[in-house]
Novice: 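My questions will all concern the structure given below.
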Amino acid sequence: MADAKAHVARPLSPHLQIYRWSWTMAMSIFHRATGVALYAGTVLLAAWLLALASGPAAYERLAWLYGSPVGLVVLFGYTWALMHHMLGGVRHLVWDFGHGMEPGTRMTMARMTLILSPILTILIWVVGFAMR
Amino acid sequence: MAKEVGQNRAGSMRTSLARVKGLGAAHHGVEHWWLHRVTALSNIPLVISFVIIVASIAGRPWPEAIRVISHPFVALLLILCVVSITNHMRLGLQIVIEDYVHEKGLKIAAVIANNFFAAVIAAACLFSILKISFGRVPLPPV
């Protein structure tokens, strides 16, 4: 079967590089990228909860790591990925039900993901620091 | 009965049973797609709760963090959040794997590894939340 397939040069649908970039395409790719980043980042969540359950010594070490400059940058990036993926998810849910597919609307919706996600991220961090 | 098989719809090769099951050629129907959407929906309120919980704990000393998480309502929200996101990410990454990994053996291995990863993350998080909220973590007196 595999050999028979290899001999026939079937037409393939063109891959990404052939298309002109659009907001919907860029945000769709970014949605997948943030999803994969969030996937990997769940290790940070599991480590945080395990450290909490392990006791004060383990938690202090982890809190130091997460509170270091590198840790803060990673966590800030993680918050942004989370907000971006959540907004993108809502957008895709709306599209799944057949709404907002008009040319102007869908581009606006894609743009709003990129505009709102950093705003929400900064808001969360400002509120987070204000509660200290 | 046998006469009707394959003649349930003009031009259709599908049997009556296949049509009733409605699972399509892959025999899985839309389970994967649908659960991905259902968990996307449940993720919205749960992730918002998660962000609020984490923001209220971040930078606090250990006993305060433990007191927040051991509250039944907070623990319940965190448990639901972990169940929802680990399932959502498992379904999501499987789509990514199936899109980019074309070699059959490697694809199966990657999908299995994906399931294992999601299960380990879920178990680690749930165990920790339960251990904390059941008071199995010694807390200094208030």
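Residue numbering restarts at 1 for every chain, and letters A, B, ... go by the order of the sequence lines.
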Novice: Count the heavy atoms belonging to other residues, nucleotides or ligands that lie under 6.0 Å from CD1 of A:I18, then report whether that count exceeds 12.
Specialist: no

Novice: Measure B:I69 against the heavy atoms of chain A and call it side chain, backbone, both or neither at under 4.5 Å.
Specialist: side chain

Novice: About how many Å separate CZ of A:R32 and CG of B:D99, when rounded to the nearest 0.5 Å?
Specialist: 4.5 Å

Novice: Using the rule that Ile, Leu, Val, Met, Phe, Trp and Tyr join whenever any side-chain heavy atoms are under 4.5 Å apart, tell me whether B:I57 and B:L80 fall into a single cluster.
Specialist: yes

Novice: Would you call B:F127 and A:L49 a side-chain contact if the rule is heavy atoms closer than 4.5 Å?
Specialist: no

Novice: Counting only heavy atoms closer than 4.5 Å, note whether A:M86 contacts chain B via side chain, backbone, both or neither.
Specialist: side chain

Novice: Does any heavy atom of chain B fall under 4.5 Å from the side chain of A:V127, the backbone, both, or neither of them?
Specialist: neither

Novice: Within the supplied structure, the quantity of interest is the number of heavy atoms (other residues, nucleotides, ligands) at a distance under 6.0 Å from A:F76 CZ; does it exceed 12?
Specialist: yes

Novice: Side chains of A:L93 and B:L41: closer than 4.5 Å at any heavy-atom pair?
Specialist: yes

Novice: Between B:V47 and chain A, with a heavy-atom cut-off of 4.5 Å, which part of the residue counts as in contact: side chain, backbone, both or neither?
Specialist: side chain

Novice: Does any part of the side chain of B:V96, heavy atoms only, come nearer than 4.5 Å to the side chain of A:Y39, both counted from C-beta?
Specialist: no

Novice: Are there over 12 heavy-atom neighbours, none belonging to B:E31, within less than 6.0 Å of that residue's CD?
Specialist: no

Novice: Using 0.5 Å steps for rounding, measure from the NZ atom of B:K131 to the CG atom of A:L50.
Specialist: 9.5 Å

Novice: Given the rule that I, L, V, M, F, W and Y join up when any side-chain heavy atoms are under 4.5 Å apart, are A:W64 and A:L75 in one cluster?
Specialist: yes

Novice: Report yes if some heavy atom in the side chain of A:Y59 is under 4.5 Å from a heavy atom in the side chain of B:I66; otherwise report no.
Specialist: no

Novice: So which of B:A118, B:G92, B:A124, B:A58 has the largest heavy-atom pair count under 4.5 angstrom toward chain A?
Specialist: B:A58

Novice: What part of B:T86 gets closer than 4.5 Å to chain A, counting heavy atoms only: side chain, backbone, both or neither?
Specialist: neither

Novice: Who among A:P56, A:G35, A:A46, A:G128 has the most heavy-atom pairs with chain B under 4.5 Å?
Specialist: A:P56

Novice: Let me know if A:H92 has heavy atoms under 4.5 Å from chain B in its side chain, its backbone, both or neither.
Specialist: neither

Novice: Counting only heavy atoms not in A:W80, do more than 12 sit closer than 6.0 Å to its CH2 atom?
Specialist: no

Novice: Quick one, A:L38 and B:M89 - any side-chain contact, counting heavy atoms below 4.5 Å?
Specialist: no

Novice: Heavy-atom distances under 4.5 Å only: say whether B:I85 touches chain A with side chain, backbone, both or neither.
Specialist: side chain

Novice: Is the shortest heavy-atom distance from the side chain of B:S128 to the side chain of A:L52 under 4.5 Å?
Specialist: no

Novice: Are any non-hydrogen side-chain atoms of B:F117 and A:V43 less than 4.5 angstrom apart?
Specialist: yes

Novice: Is it the side chain or the backbone of A:W125 that comes within 4.5 Å of chain B heavy atoms, both, or neither?
Specialist: neither

Novice: For the hydrophobic clusters of this structure (ILVMFWY residues joined by side-chain heavy atoms under 4.5 Å, transitively), does one cluster hold both B:F73 and B:I132?
Specialist: yes

Novice: Check each atom of B:I129 against the heavy atoms of chain A and say whether the ones under 4.5 Å are side chain, backbone, both or neither.
Specialist: side chain

Novice: Hey, any chance B:I121 and A:L45 share a hydrophobic cluster, counting ILVMFWY side chains that come within less than 4.5 Å of each other, even indirectly?
Specialist: no

Novice: Applying a strict under-4.5 Å side-chain criterion to I, L, V, M, F, W and Y, I'd like to know whether B:V51 and A:M131 cluster together.
Specialist: no

Novice: What I'd like to find out is whether the side chain of B:W33 reaches to under 4.5 Å of the side chain of A:D96, using heavy atoms alone.
Specialist: yes

